[in-house]
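Here the structure comes first, spelled out in structure tokens, and everything after it is commentary.
Please read all numbers here as calculations on a predicted model, not as lab measurements. In this chain, residues are counted from 1 in sequence order.
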Amino acid sequence: MIRPNLLAATALMMTLSASAHGQSKSGATGDDSRTVLPRSATPFAGQIGQTWQQSRPDFPKPLAAPEGAPNVLLILTDDTGFGHASTFGGGAATPVLEQLARDGLRYNRFHTTALCSPTRAALLTGRNHHSVGTGVIMEMATGYPGYTGIVPDSTVGVPEILRLNGYATGCFGKWHNTPATEVSAAGPFERWPTGSTWGCNTFYGFMAGETDQYYPVLYRNTTPLNPPRTPEQGYSFSEDMADETIAWINNVSATDPKKPWFVYLATPGVHEPHQAPKGYRDKYKGRFDAGWDKYREETFARQKRLGVVPAEAKLPPLPKEVPAWEGLSQDAKKVYARMMENYSAYLEYTDAQIGRVIGAIAAKGQLDNTLIIYIVGDNGASAEGGLEGTVNGIAGLNGIQLGLPGLLAKYDDIGGPETEPNIPVGWAIAADTPFQWTKQVASHFGGTRNPMVISWPKRIRDKGGLRSQFLHCIDVVPTILQAVGLPQPQVVNGVQQKPIEGVTFLSTFDSSGAPEVRTTQYFEMMGNRAIYKEGWFAATRHGIPWMTAGQATGFESDVWQLYDLTKDFTQADSVAALYPEKLKELQAVFDEEARKYNVFPLDDRMAGRFDLSNRPNPLTGLTSFTYGPGVGYIQESAAINTHQGFSITAEVERSSGSAEGVIASMGGKTSGWSLYLRNGRPIFYYNFFSIAGYRAESPGPLPEGKSTVRVEFTPEEKGYGKPAVARLLIDGKQTATVRVERTVPVGYSGEGFDVGADNISAVSPDYKSPFSFNGKIQSVTIAMEK
């Protein structure tokens, strides 16, 4: 494809080639400025005679990585607060992180964006999240420049830059930076991990914000696949991810041992669902019985002893919306403590899998010249489980709280294959100790300040050192490029690149007293906003992160705080009343930065932005779709809407043997529906957030030969979440019916406004695989009903 600015890029490449011939450090000839990628072809330097005996060959020289360039291992955990890992004073053991810290450097003033997709986009491009169209997660994209959900090809990621400079590049784990409507077999694939925007030679992981550890929806490059084992066989995705990463590094080293590699290891832990092997969970029994208030105090004291928090720092109180631990019932304390045990076990388990990768690197003798950047969280701990926590994360995102009886009913299953837990808000804030608030809240460090550890034995001499320069995730890419010895490219794949907005902090590798390189940085997430400038920090929190239906107040009523960070590490004391002019000055700076980086318009909607009608969708206007045999792993955003009235019409053929398994399904154990056969009998099952299951089962088996199985799902009145009647028909004859109640029953709380699929392969109580039907499927038509 010819890009619009290809001619300009070609002219620039010709100019550089004319002045850059000769031998480079890498041994390649031709254009080695490396500011235009891929470089222009090197001229033939051999000799052509009439015969081969009179000729001298010369192969094109690939652009090799700079001599001595290190391997790069960029690690990012998910939803991990500042005060959770033991390395920074928390209650979850992270021995791998601790060893890296002893061998390298700890950073205690590193910042993220407060949400996952935005942080990942900023981290991998070196540009602010709104600058690359990722002001929120991909599923909430709107049609404004800072919120398209489309990372432009003028801001390619660091894997692509390194790949075009002679690196092998691999990405493993969570990938949440491809537009949701492009995650399908139809593509396009430019913005997939292996596409030209991102540049991973290989990818193994999941394409969403979360996935079940036991039943993940996996992709290898752009091809969906089933997990290699079942949970009964000991399967967990985190272990599988580490296996794949180790195998890839070993294969690269086995086939081209001189070639450096880049690995982006984005763990699913510790995003919900919090799922950890039982052996890890058992380690933490009773460890959190004293509650979140006590945990915060004990963690704060440990942080001061470790030096990651200044001795004079204050611990801010819990927000007024969060109950004190001592006021809870014994049943509440019991189940909430179990949730924190499981959450901490998940972090230790995640750290252990990271350790396996690092151990494999060490075993190959490559650790000395490997730059390891271990970022503990893409934002703070998640408050999206609500005040009570949940064992069904999708229910929480839909505004439904299961209530204490619902949690207690699943007490023994927390962390196992039958639950998808998330912790209560009190534990989320405790995991963010010593800061206020949580994930989503970009105004306070509980949402944005994350630990970082960097190890590079060949270069870093201050083993175990602490660094306290104010940094942001956009500063990682320029630091990697400087460490590798590469310039920031001007043109990549024929497209002029926007300048990288981050600043290298490589100087901190050598000195704790290195000057601050980041003097100004804005923060914004769903209306929560802040501005840092030269030690001062102005901030305003907008709304509550566990509210999913949007905030109740307008932006004009937001109250701003002002913090002097040179004296107030934890944002404990606002000095806005003392320095009103300084506050006004910083508010003006925020507006200037917001205009510069596409932050406006401010938007505080949550559930409202998940509506697919807000963004381009290839299915727009279609009311029915026919799927042929072999179709599967379709994301909900690329499927027909089944949240209201719909029908399923399946043309199937039963042989003389028994017919079993799933014909069609949407969602999984947390919510959704499934049409399947058991003992030859057609069944339609509707799962309302695991609160209730509704089954319409045919009394007799499907006849041999060809049949039409149909489900008609008809709401009793218009609108999401209304009761419905599901009718099951075989060859036009109704065989079963069930009334589906889609309102939140007594004992639960919340809005209950939607039924969203969770992209998990466990689709019914009877079958764990959506591809288990042993008959023949000619077609399945799913249609939206009027």
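For the atom pair Thr77 OG1 and Leu265 CG, the distance stands at 10.5 Å (nearest 0.5 Å).
With a 4.5 Å cut-off on side-chain heavy atoms, Tyr374 and Met452 do not count as touching.
The aromatic rings of His274 and Tyr346 sit tilted, their planes meeting at an angle between 30° and 60°. Between His84 and Tyr343, the ring planes are parallel. Angles under 30° get that label, and only those over 60° would be called perpendicular. Relative ring orientation between Phe470 and His111 is described as parallel, the plane-to-plane angle staying below 30° on a 0-90° scale split at 30° and 60°.
A salt bridge is defined here as a Lys NZ or Arg NE, NH1 or NH2 lying under 4.0 Å from an Asp or Glu carboxylate O, and Glu326 with Lys333 meets this definition. Using a 4.0 Å cut-off between a side-chain N of Lys or Arg and a carboxylate O of Asp or Glu, Arg109 and Glu516 qualify as a salt bridge. Under the 4.0 Å criterion applied to side-chain N and carboxylate O atoms, Glu341 and Lys285 are not assigned as salt-bridge partners. Using a 4.0 Å cut-off between charged side-chain N and carboxylate O, Asp78 and Arg120 make a salt bridge.
With hydrogens and angles ignored, the 3.5 Å screen pairs a side-chain donor or acceptor of Tyr532 with a backbone N or O of Gly535. Under a 3.5 Å cut-off, the side chain of Thr433 and the backbone N or O of Ala430 do form a donor-acceptor pair. With hydrogens and angles disregarded, no donor-acceptor distance shorter than 3.5 Å links the side chain of Glu388 to the backbone of Gly386. Not a single donor-acceptor pair under 3.5 Å links the side chain of Arg296 to the backbone N or O of Gly83. The backbone N or O of Val376 lies less than 3.5 Å from a partner atom in the side chain of Asn450, making a donor-acceptor pair. Proximity of a side-chain donor or acceptor of Thr566 to a complementary backbone N or O of Asp564 within less than 3.5 Å is not detected. For Arg449 (side chain) and Pro451 (main-chain N/O), no donor-acceptor pair under 3.5 Å exists by modelled atom type. Of the possible donor and acceptor atoms, one in the side chain of His129 sits under 3.5 Å from a partner among the backbone N and O of Glu524. Side-chain N or O atoms of Asn392 include one that pairs as donor or acceptor with a backbone N or O of Ala395 at under 3.5 Å. Using a distance-only test at 3.5 Å, with no hydrogens or angles considered, a donor-acceptor pair links the side chain of Asn177 to the main chain of Ser117.
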Report the C-alpha separation of Asn108 and Ser468 in whole Å, then their side-chain angles, then the decisive distance to 0.1 Å, and conclude whether the side chain to side chain donor-acceptor pair (under 3.5 Å) test is met. CA-CA 6 Å; Asn108 67 343; Ser468 296; 2.8 Å; yes

Checking Lys439 against Glu384 for the salt bridge (Lys or Arg N to Asp or Glu O under 4.0 Å) test, could you report, in this order, the C-alpha distance in whole Å, the side-chain angles of both residues, the deciding distance, and whether it holds? CA-CA 8 Å; Lys439 174 183 177 180; Glu384 292 154 351; 3.1 Å; yes

Carefully, step by step, assess Tyr295 and Trp325 under the rule ring-ring contact (aromatic ring centres under 6.0 Å, His included). CA-CA 10 Å; Tyr295 176 91; Trp325 182 263; over 10 Å; no

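Shown here are the side-chain hydrogen bond (donor to acceptor under 3.5 Å, both in side chains) partners of Trp175, two or more places apart in sequence or in another chain: Thr178. The side-chain contact (heavy atoms from CB on, under 4.5 Å) search around Asp603 returns Thr142, Arg605, Arg609, not counting sequence neighbours.
Judged by a 6.0 Å distance limit and a 45° cone about the ring axis, Arg338 is positioned over the six-membered ring of Tyr411.
For Phe237 and Phe206, the ring centers are positioned less than 6.0 Å apart. Residues Phe288 and Trp427 place their aromatic rings such that the two centres sit under 6.0 Å apart. A ring-centre distance under 6.0 Å is found for Phe435 and Phe82. Ring centroids of Tyr107 and Phe505 are separated by less than 6.0 Å, placing the two rings close together. For an aromatic pair to be called close, the ring centres must be under 6.0 Å apart, and Tyr522 with His130 satisfies this.
Residue pairs meeting the side-chain hydrogen bond (donor to acceptor under 3.5 Å, both in side chains) criterion with at least one member in residues 299-320, sequence neighbours excluded, are Thr299-Arg302, Lys314-Asp573.
A 6.0 Å sphere centred on OH of Tyr144 holds no more than 12 heavy atoms belonging to other residues, nucleotides or ligands.
Across all non-hydrogen atoms, the minimal contact from Phe569 to Val308 is CZ-O, 3.6 Å.
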